[in-house]
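Have a look at the structure below, then the notes.
One-based numbering, in listed order, for ligands and for the atoms of each. Values below: all heavy atoms of this structure, side chains included; hydrogens, waters and symmetry mates excluded.
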Amino acid sequence: MKIGIDAGGTLIKVVTELNNERTYQKWLATDIDQVADWLNQLDDVEVSITGGKAQYLDSCIKHQAKRSIEFDATYKGIQIFLKENNIDLETYIFSNVGTGTSIHYATTDHQERAGGTGAGGGMIQGLSYLLTQISDYDELVQTALNGDRDKIDLKVKHIYKGDNTPISGELTAANFGHVLQHMNDAFPNADRLAAVMGIVGETVTTVSIHAARQYNTENVVFIGSSFVKNELLKNIVVDYTILRGLKPYFIENGEFSGALGSIYC
Ligand code: ADP
């Protein structure tokens, strides 16, 4: 049995392969010692580890683990998933929206890091908690779905007030920039959380688009657990990428790219 592990800042992703069957599992990073206990109960396994907490996990297990560089493992995993999904891309940007966001340029034979931003899944969780006191992940992504950003985010059309706009009036001019014009209104948690998804989704997309322009590609592959169950974030990223003239791609189980790729690095 082969086990590939991406021990990340928030979640530990585990891919197991046995007889051409693949399984996917996740643990909270805070439960890393439980992952080590589970691994230590297994014999005859080939363990591969990548990610920021790889060193620690490696030090807790009895197996001689293979270690790989996270960016290369992620690229390898994406290439495998793209092939399995019959998505044929010569060049693309991949944006890994994990706790933070890391952005890479990829061709058919290599990847290079193109940039990143601190806006990502960690910001979603932290800012959401500050604004709503909701810390449960499922609750916050569900609540955000019913939100309305109109009183929180300032759009270009709000500034131009009916005049012709030089760019689409629907674009966000200032995330959270409409709040002070609605000081006497209530801001339900759903609206606050939708605005959090807005700032993270738009920031991640903007940085990805700049990278795509810089490397002259039109394809952007988005991965990372931040999109898991988070339909609103996904929609914001898809709509904004298309609006800016590029092609967004999401791959099923994309957040396991690093774990899968570590097996084949
Ligand atoms: P990392 O490798 O840095 O841990 P991930 O790609 O696993 O990054 O993404 C982490 C993000 O995924 C979190 O910040 C959060 O927004 C989101 N997430 C998805 N599912 C969960 C969950 N069950 N618990 C906590 N965060 C989750």
Going by the order shown, which atoms of ligand 1 are within less than 4.0 Å of some heavy atom of [X]?
{"X": "G224", "answer": "6 (O)"}
{"X": "G122", "answer": "14 (O)"}
{"X": "G8", "answer": "1 (P), 2 (O), 4 (O)"}
{"X": "G98", "answer": "5 (P), 6 (O), 8 (O), 9 (O), 10 (C)"}

If you take the nearest heavy atom of each of [options], which one is closest to [atom]?
{"atom": "atom 10 (C) of ligand 1", "options": "I223, T99, T30", "value": "T99"}
{"atom": "atom 16 (O) of ligand 1", "options": "G51, S257, G121, G126", "value": "G121"}
{"atom": "atom 24 (N) of ligand 1", "options": "L28, D136, N96", "value": "L28"}
{"atom": "atom 26 (N) of ligand 1", "options": "Q125, K13, K53", "value": "Q125"}

What protein heavy atom sits nearest [atom], and how far off is it?
{"atom": "atom 5 (P) of ligand 1", "answer": "S225 OG, 3.3 Å"}
{"atom": "atom 20 (N) of ligand 1", "answer": "Y137 CE2, 3.3 Å"}
{"atom": "atom 11 (C) of ligand 1", "answer": "S226 OG, 3.7 Å"}

Counting both backbone and side chain atoms, is some N or O of D6 under 3.5 Å from an N or O of ligand 1?
no
Between ligand 1 and G9, is the shortest N or O to N or O distance under 3.5 Å?
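Yes, there is a polar N/O contact under 3.5 Å.
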With a heavy-atom distance limit of 4.0 Å, tell me whether [X] approaches ligand 1 through its side chain, its backbone, both, or neither.
{"X": "K26", "result": "neither"}
{"X": "T10", "result": "both"}
{"X": "K229", "result": "neither"}

Hydrophobic clusters here meaning ILVMFWY residues chained together by side-chain heavy-atom distances under 4.5 Å, can you tell me if [X] and [Y] are in one?
{"X": "I5", "Y": "V15", "answer": "no"}
{"X": "L140", "Y": "Y129", "answer": "no"}
{"X": "V207", "Y": "Y92", "answer": "no"}
{"X": "L89", "Y": "I223", "answer": "yes"}

Using a distance-only test with no angle check, is there a side-chain donor-acceptor pair under 3.5 angstrom linking T217 and T91?
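Present: a donor and an acceptor within the cut-off.
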Hey, what's the ring geometry for Y215 with Y105, parallel, tilted or perpendicular (30° and 60° as the breaks)?
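Rings of Y215 and Y105: parallel, as their planes differ by under 30°.
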Which of parallel (below 30°), tilted (30 to 60°) and perpendicular (above 60°) describes Y75 and F94?
parallel
Are side-chain heavy atoms of H63 and I3 found at a separation under 4.5 Å?
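With C-beta onward as the side chain, the pair stays apart.
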So, do L42 and M1 sit near enough that their side-chain heavy atoms are less than 4.5 Å apart?
yes
Is the closest basic N to carboxylate O distance between K62 and D43 below 4.0 Å?
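Here K62 pairs with D43 in a salt bridge, since their nearest N and O are under 4.0 Å apart.
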